[in-house]
Amino acid sequence: MSALVCVARIGAAHGVRGAVKLWTFTEDPFAVRHYGPLLSKDGKRQFEVATAREARDHLVATFKGVTTREEAERLNGIELYVAREKLPATDDDEYYHTDLIGLAAVTTDGDVLGRVLAIHNFGAGDIIEIAPPKGTTLLLPFTNAVVPEVDLKGGRVVIALPQEIEGEDRGEVPSESRPRLVRKAHGRGIHNHRPWFWLSWLQ
């Protein structure tokens, strides 16, 4: 089976006719209707959105074949996935998070830093989290300056370690090979129907 990408999560039942609260991880919340049947994490169950309307911070949706509140309640907490190949192609310097997770991270000198664990966004731009062989994870800004190369075919990202770093313990001398948290504002708009939670730009 091809890699699956999470695009939504089913919440609590809404009303008595099978509707549920639906949290989507796409820039356009209604994009989940364009991917065809959505899959459970194990790929064994399929869900097709029948109707959807916008609520305060989520959608209220119904799925084909789900018509009662009791049936809807049994869906609470299920994450919905699509196959990676169903997602739109990316442009240059544009990546889905799922393509970055697990890549080897090396310095510009070729020293091993670890592997990409996650991509976060705390409001000031994308942050790449790297898990080293030992010790705590590294959080670095996902920009061209800090990540000058992303080699998907080669399975690695190249990290240019920042000269100035910040850490939780300001009294501790930072390691030259393992910088601590650095955040820099960056970013630009994301196109419709692209899963924003899984898509990052380098700039």
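T108 is linked by a side chain to side chain donor-acceptor pair (under 3.5 Å) to nothing, counting only residues two or more places apart in sequence or in another chain. Every residue two or more places apart in sequence or in another chain was checked for a salt bridge (Lys or Arg N to Asp or Glu O under 4.0 Å) with R9, and none qualifies. A search for side chain to side chain contact (heavy atoms under 4.5 Å, CB included) contacts involving L117 returns E129, A131, T137, not counting sequence neighbours. Scanning for salt bridge (Lys or Arg N to Asp or Glu O under 4.0 Å) contacts around R156 gives E149, with sequence neighbours left out. Every residue was checked against the ring-ring contact (aromatic ring centres under 6.0 Å, His included) condition with H14, not counting sequence neighbours, and none meets it.
Minimum interatomic distance between Q46 and P37 (heavy atoms only, all atoms of both residues): OE1-CB, 3.7 Å. Closest of all the heavy-atom pairs between V66 and G18 is CG1-O, 3.6 Å. Of all heavy-atom pairs between A8 and L22, the closest is CB-CD1, 4.0 Å. Across every non-hydrogen atom of A52 and L59, the tightest pair is CB-CD1, 4.2 Å. Residues N76 and G11 share a closest heavy-atom pair of OD1-C, 3.2 Å. Looking at every heavy atom in both residues, A105 comes nearest to I159 through CB-CG1, 4.3 Å.
No option in L113, D111, V146 other than L113 meets the side chain to side chain contact (heavy atoms under 4.5 Å, CB included) test with L161. For the pairing with R45, the side chain to side chain contact (heavy atoms under 4.5 Å, CB included) check across L80, L38, L39, I78 returns one residue only, I78.
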Open item on the list: Is there a side-chain contact (heavy atoms from CB on, under 4.5 Å) between V157 and V116? Walk through the geometry before answering.
Closed with: CA-CA 8 Å; V157 295; V116 178; 3.8 Å; yes
Open item on the list: Could you go through R69 and E73, starting from their C-alpha distance and side-chain angles, then the distance that decides it, and tell me whether this counts as salt bridge (charged side-chain N to carboxylate O under 4.0 Å, His left out)?
Closed with: CA-CA 6 Å; R69 182 177 181 85; E73 287 175 341; 3.2 Å; yes
- [ ] Tell me, with the steps shown, if S40 and D42 meet side-chain hydrogen bond (donor to acceptor under 3.5 Å, both in side chains).
- [x] CA-CA 5 Å; S40 58; D42 60 10; 2.6 Å; yes
Task: T62/V20 under side-chain contact (heavy atoms from CB on, under 4.5 Å): CA gap, chis, key distance, verdict - done: CA-CA 6 Å; T62 60; V20 297; over 6 Å; no
Task: Stepwise side-chain contact (heavy atoms from CB on, under 4.5 Å) test for T68 and V16 - done: CA-CA 6 Å; T68 68; V16 297; over 6 Å; no
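For the pair L152 and L100, the minimum side-chain heavy-atom distance is below 4.5 Å. Taking the side chain as every heavy atom from C-beta outward, Y81 and F47 never approach each other to under 4.5 Å. Under the 4.5 Å side-chain criterion, counting only non-hydrogen atoms from C-beta, E71 is in contact with T67. Between D126 and T143 there is no side-chain heavy-atom pair separated by less than 4.5 Å. The shortest distance between side-chain heavy atoms of H58 and V60 falls below 4.5 Å. In this structure, Y95 and V150 have side chains that are in contact, with non-hydrogen atoms separated by less than 4.5 Å. Looking at F63 and I10, their side chains come closer than 4.5 Å, going by heavy atoms from C-beta outward.
Considering OG1 of T26 and CG of L87, their distance stands at 10.5 Å, rounded to 0.5 Å. Atoms OG1 and CG, from T107 and D109 in turn, are 4.5 Å apart once rounded to the nearest 0.5 Å. Rounded to the nearest 0.5 angstrom, I119 CD1 and I101 CD1 are separated by 5.5 Å.
Residue pairs that meet the salt bridge (Lys or Arg N to Asp or Glu O under 4.0 Å) test with at least one member in residues 51-65, sequence neighbours left out, are E48-K64.
Remark: R84 CZ is packed, more than 12 non-hydrogen atoms of other residues, nucleotides or ligands lying under 6.0 Å away.
The hydrophobic cluster containing I127 does not contain V158, counting ILVMFWY residues as joined when their side-chain heavy atoms lie under 4.5 angstrom apart, directly or transitively. Both L103 and F142 belong to a single network of hydrophobic side chains, linked directly or stepwise wherever heavy atoms of I, L, V, M, F, W or Y lie under 4.5 Å apart.
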